[in-house]
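Heads up: the structure comes next, in structure tokens.
We name chains A, B, ... by the order of the sequence lines, and we start the count at 1 in each one.
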Amino acid sequence: METVRDGLQRHVSGRTFETVQVLHPRAARRHLAGPDDFAAALTGGAVGSARRRGKYLWLPVDADALIAHLGMSGQLVVGEADRPLTPHVRARFSFTDGGPDLRFVDQRTFGHLSFSPGGAELPSAIAHIAPDPLEPAFDDDRFAARLMRRQTGIKRALLDQSLISGVGNIYADESLWRVGLHWARGTDALRRSDVVRLLGAVREVFAEAITAGGTSFDSLYVRVNGESGYFDRSLAVYGRAGQPCPRCGAAIRRDKFMNRSSFSCPKCQPRPRRGHW
DNA sequence: CATTTATCCTGTAAGC
DNA sequence: TGCTTACAGGATAAAT
């Protein structure tokens with residue numbers, strides 16, 4: 001997401017929307033007034049500096065904001081305006097300068113675009129999203145206190161974007177592996193030193209992912225590529241069931257949890273006696 | 001109130 | 001071959 005934000009900043013910020021087309025109603029489903037109202041609200045708007053919090057991106061547009069969440073399969077792509085429409089283009093934005101357009105492409109339609117008041121600072125529509133640990137607004141002490149007050153499992157808490165943002169299923173598994181914590185470990189039984197180490201691991205994983213994403217970034221296309229170099233080279237446990245743990249050699253296990261998979265090392269991350277499933 | 005589960009979606013791949 | 005099923009998972013409404 002940070003890679004996409006950077007691409008938006010370089011290719012879209014400073015330009016002015018000329019036309020806005022919603023090609024699939026689901027893309028703007030969070031805009032309750034409907035796709036036409038969404039398009040009208042953005043048409044003619046001047047785009048400011050691209051911002052990000054966790055998995056959310058937004059472009060300030062005049063005094064408001066265009067918010068994007070890419071979900072699982074979403075992409076924001078900038079390219080020559082006259083290129084053909086591919087099947088999964090859900091929205092299209094052209095610019096008054098007649099240059100490359102911006103397209104929201106999303107195969108599985110879990111992503112969405114929305115329009116919200118409050119562009120320069122955090123838009124009101126995503127005010128409930130906590131800071132992500134790479135931004136200055138993240139308060140380590142506050143996070144630790146809120147986390148240890150919860151009665152749930154550590155991974156569930158890590159995935160709660162109102163507590164800490166930017167951590168998804170993959171990064172949660174990788175971070176927990178790095179600090180040797182099982183996904184079901186109770187948050188109320190964590191020591192403060194565990195939380196400090198875990199935050200360090202999350203920041204490491206984020207930083208490495210950004211570095212890997214940046215190296216594969218094309219100068220013209222703004223893309224989210226789930227199969228970037230990072231995924232192949234740097235994942236220790238995610239998607240590696242049955243393969244050896246890079247640290248101890250034990251076979252990586254896979255558990256079903258929260259309608260998804262959790263990967264962990266049975267030796268480095270032993271099951272807690274009182275786990276939160 | 002706090003916490004957990006079900007649901008949305010579609011291309012790919014595995015199973016029969 | 002062709003059909004069916006499982007899977008991927010972020011956010012949130014609904015259920016507990």
Side-chain angles (χ1 to χ4, degrees), chain A residues 1-2 4-5 22-32 35 52-58 67-76 86-91 104-116 122-132 145-176 183-190 202 205-206 209 224-228 230-232 235 237-242 252-264 272 274-277:
Chain A
M1 295 305 292
E2 177 57 22
V4 177
R5 188 207 61 76
V22 178
L23 303 171
H24 192 302
R26 220 179 120 71
R29 63 189 179 279
R30 300 276 287 273
H31 189 80
L32 301 181
R52 180 187 63 81
R53 167 167 280 196
K55 303 168 191 172
Y56 279 94
L57 299 169
W58 74 93
I67 300 175
H69 193 297
L70 302 187
M72 309 246 333
S73 55
Q75 298 175 292
L76 286 167
T86 50
H88 301 305
V89 178
R90 309 304 188 191
F104 174 57
V105 185
D106 191 14
Q107 176 192 107
R108 277 179 266 183
T109 73
F110 269 33
H112 64 91
L113 303 177
S114 62
F115 176 84
S116 172
L122 192 66
S124 56
I126 54 173
H128 62 292
I129 301 298
D132 73 66
R146 293 182 69 200
L147 181 68
M148 293 188 289
R149 211 180 297 137
R150 295 215 171 178
Q151 300 285 318
T152 188
I154 181 62
K155 181 170 175 179
R156 206 185 281 275
L158 277 181
L159 295 176
D160 183 344
Q161 307 296 303
S162 68
L163 186 61
I164 178 173
S165 69
V167 183
N169 197 45
I170 297 173
Y171 295 167
D173 280 2
E174 292 298 310
S175 300
L176 290 168
W183 52 265
R185 273 287 292 272
T187 48
D188 55 345
L190 288 174
V202 171
V205 169
F206 277 7
V224 167
N225 185 345
E227 282 73 49
S228 66
Y230 170 76
F231 285 78
D232 292 323
L235 296 182
V237 290
Y238 182 83
R240 300 190 63 247
I252 299 299
R253 73 179 156 215
R254 169 185 170 184
D255 299 308
K256 291 196 170 191
F257 166 67
M258 287 176 79
N259 275 339
R260 52 194 44 117
S261 294
S262 282
F263 299 91
S264 58
R274 288 181 54 253
H276 290 253
W277 269 254

Original post:
Do any N or O atoms from the side chain of A:Arg90 and from the backbone of A:Val105 form a donor-acceptor pair under 3.5 angstrom?
Top reply: no

**OP:** Say whether, by atom type as modelled, one donor and one acceptor occur between the side chain of A:Arg185 and the main chain of A:Gly153 under 3.5 angstrom.
**Re:** no

[N], OP1 or OP2 - any side-chain N/O from [X] closer than 4.0 Å?
X        : N     : result
A:Thr152 : B:dA2 : no
A:Lys256 : C:dC7 : yes
A:Arg149 : B:dC1 : no
A:Ser261 : C:dA8 : yes

**OP:** Sugar-phosphate means primed atoms, P, OP1 and OP2; the rest is base. With that split, encode nucleotides 11-16 of chain C 5' to 3' as B, S or - using protein heavy atoms under 4.0 Å.
**Re:** SS----

Could you tell me how far apart [X] ([atom1]) and [N] ([atom2]) are, to the nearest whole angstrom?
X        : N      : atom1 : atom2 : answer
A:Arg53  : C:dG10 : CZ    : C1'   : 18 Å
A:Arg156 : B:dA6  : CZ    : P     : 11 Å
A:Asp188 : B:dA2  : CG    : P     : 15 Å
A:Leu163 : B:dT3  : CG    : P     : 10 Å

Subject >> Donor-acceptor side-chain pairing of A:His112 and A:Arg29 below 3.5 angstrom >> reply: no

Original post:
A:Gln107 has a side chain; which of B:dC8, B:dT10, B:dT3 sits nearest to it?
Top reply: B:dT10

Original post:
Under 4.5 Å between any side-chain heavy atoms of A:Leu176 and A:Ile154, yes or no?
Top reply: yes

Original post:
Can you find a pair of side-chain heavy atoms, one from A:Val237 and one from A:Glu174, that are under 4.5 Å apart?
Top reply: yes

**OP:** Classify the side chain of A:Arg150 versus the base of B:dA2 as yes if they form a donor-acceptor pair under 3.5 Å and no if they do not.
**Re:** no

Original post:
Do A:Asp173 and A:Lys155 sit within salt-bridge range, that is, some charged N less than 4.0 Å from a carboxylate O?
Top reply: yes

